[in-house]
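Have a look at the structure below before the remarks.
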There are 2 protein chains.
Amino acid sequence: MAEVEVPDIVIGRLPIYLRALTLLSEAGQEFTSSLELGQKLGIGSAQIRKDLSHFGEFGKQGTGYEINFLRTQISKILKVDREWPIILVGFGGLGQAIAHYGGFASKGFHVDAIFDNDPDKIGQAVNGKTVQDTANLAQVVADNKIKMAIIAVPATAAQVVADQLVEAGIEAILSYAPITLSVPNTVRVQHIDPVVHLQRMTYYLD
Amino acid sequence: MAEVEVPDIVIGRLPIYLRALTLLSEAGQEFTSSLELGQKLGIGSAQIRKDLSHFGEFGKQGTGYEINFLRTQISKILKVDREWPIILVGFGGLGQAIAHYGGFASKGFHVDAIFDNDPDKIGQAVNGKTVQDTANLAQVVADNKIKMAIIAVPATAAQVVADQLVEAGIEAILSYAPITLSVPNTVRVQHIDPVVHLQRMTYYLD
DNA sequence: TAGATTGTTAATCGATTAACAATC
DNA sequence: TAGATTGTTAATCGATTAACAATC
């Protein structure tokens, strides 16, 4: 019998559930229900229960879900119950902002190396790390068995960088470059382009 | 006969099409086809034709689409054939990076006012603008008929800021805060949370 | 003309939702 | 026990895809 694949769209919602559960936990709440969670997230309770049912049974009739238990379970499913080293490519304005962003480490994502190909940037120090020449990228990835990378280079350079990352063995890329990257289907890519998000809203305005 | 609504998911793809068309245009190409565009974006050609068919007929059998014509049409549909003033709330590390980001203006999005409630930040100058007290927000939005806002404050403050924005008459919010905002359904919201994007990929890694 | 590609229809596929027995 | 809420089934809904006549 073939493994039943969990749809991408379900995996995509789990981090949102996790984020909401963490918030509730920090507020001191111990239990929640699919109804409450759904109302907070603006989605249906049935969808939450269906999504979770792909992975097991995590709740109890009548009382709902123990928040910290469910957090632990979703963290395991998503494999974020561990530390993930990441490399950052590009140390311009955006890259520097990412390097200084405090929100990654507490979620287990550690920017362990930073690369740029501008001689003026190579050698600069950022909280304990030194910006390296992109030429070193493959070596660092291999030596440290790194699987994730963030691209923060200009659009014109992004595809070349993506090719280098794939060649180096990177398996997941978060790209801030405003282009659609072409990579083998063994490599996962997520894009962040604020202009695209703004353009998704203007249609609904007058 | 009731208007047939164009699905959100179709609107969501148009900015991606626009971005790819702009790239082709900048590369000097004059015509493209749904097949070529689909291959560049990793989606089916039928989907592109179907999406466009919601708005009219933009191509020609045998030759495909004139790139600049299609760009103009999609720009009009998305209402990005005009200038959009935006306000930015939050002038911490992330807010500062956004304020300096050069990618908005060329697409017609102008950060016309910046707000923060930290006295140390109020009064700081950023390319011709001065960071203002959040108390002025409603006044500025009303005076300039501003409809879009970017939230770049900590998670703990984001919902309060969102409430203020809604109260002030803002109709579209791009939030960088790592929480799901609760707003009336007359207000559009888009979220950017890099941690969520990273967590959507770790599931697929070993 | 022959080849290419559109716009559209109908079929397929997949995701969401409603409903409810089970049970805490 | 009575009330609440789960996990799951089946129905509905909506999106994607394949196919092709039309036509440039």
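Residue numbers begin at 1 in each chain, while the letters A, B, ... track the order of the sequences.
- Listed candidates were D:dT8, D:dT16, C:dC24. Nearest to the side chain of B:R13 is D:dT16.
- Relative to the side chain of B:K60, the nucleotides D:dC24, C:dA15, D:dT16 differ in distance, and D:dC24 lies closest.
- Distance B:I43 CD1 to D:dA15 P: 15 Å, rounded to the nearest Å.
- Between the CG atom of A:L37 and the P atom of D:dA4 there is a distance of 19 Å, rounded to whole Å.
- Side-chain atoms of A:D163 and A:Q159 include a donor-acceptor pair closer than 3.5 Å.
- Taking atom CG of A:D8 as the reference point, atom P of C:dA15 lies 9 Å away to the nearest angstrom.
- Atom CZ in A:F69 sits about 14 Å away from atom P in D:dT6, given to the nearest Å.
- Checked by atom type, the side-chain pair B:D8/A:Y204 shows a donor-acceptor distance below 3.5 Å.
- The phosphate of C:dT6 has OP1 or OP2 within less than 4.0 Å of a side-chain N or O from B:S34.
- When the P atom of D:dT5 is taken as reference, atom CG of A:L52 falls 16 Å away, rounded to whole Å.
- A donor-acceptor pair under 3.5 Å is formed between the side chain of B:K79 and the backbone N or O of A:L205.
- Atom-to-atom, CD of A:E5 to C1' of C:dG14 comes out at 14 Å; the value is rounded to the nearest Å.
- Side-chain atoms of A:Q47 and A:D51 include no donor-acceptor pair closer than 3.5 Å.
- An OP1 or OP2 oxygen of D:dT16 is reached within less than 4.0 angstrom by a side-chain nitrogen or oxygen of B:Q47.
- For D:dA4, neither phosphate oxygen OP1 nor OP2 lies less than 4.0 angstrom from any side-chain nitrogen or oxygen of A:Y65.
- Salt bridge annotation for A:D112-A:K129: absent, with no cationic side-chain nitrogen under 4.0 angstrom from a carboxylate oxygen.
- Within residues 16-33 of chain A, no residue has a heavy atom under 4.0 Å from DNA chain C.
- B:T72 places none of its side-chain heavy atoms less than 4.5 Å from the side chain of B:D81.
- Protein atom CG of B:L70 is 14 Å distant from nucleotide atom C1' of C:dG7, rounded to whole Å.
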**Report entry** side-chain hydrogen bond (donor to acceptor under 3.5 Å, both in side chains) evaluation trace for B:E36 with B:Q29
**Finding:** CA-CA 12 Å; B:E36 180 184 51; B:Q29 196 169 324; 2.8 Å; yes
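- Nearest-nucleotide positions on DNA chain C for B:K50 and B:Q61 put B:Q61 closer to the 5' end.
- There is a side-chain donor-acceptor pair under 3.5 Å between B:S45 and B:R49.
- No hydrogens or angles considered: nothing links the side chains of A:T134 and A:N117 as a donor-acceptor pair under 3.5 Å.
- Contact check, A:R49 against D:dG7: no side-chain N or O comes under 4.0 Å of OP1 or OP2.
- No side-chain N or O of B:E66 forms a donor-acceptor pair with one of B:Q73 less than 3.5 Å apart.
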Report task. Both distances under 3.5 Å, Watson-Crick or G-U wobble: on that basis, could you give the dot-bracket string for DNA chain C, with [ ] for crossing pairs and | for other-strand partners? Result -> ..||||||||||||||||||||||
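- Between B:I11 atom CD1 and D:dA15 atom P the separation is 12 Å, expressed in whole Å.
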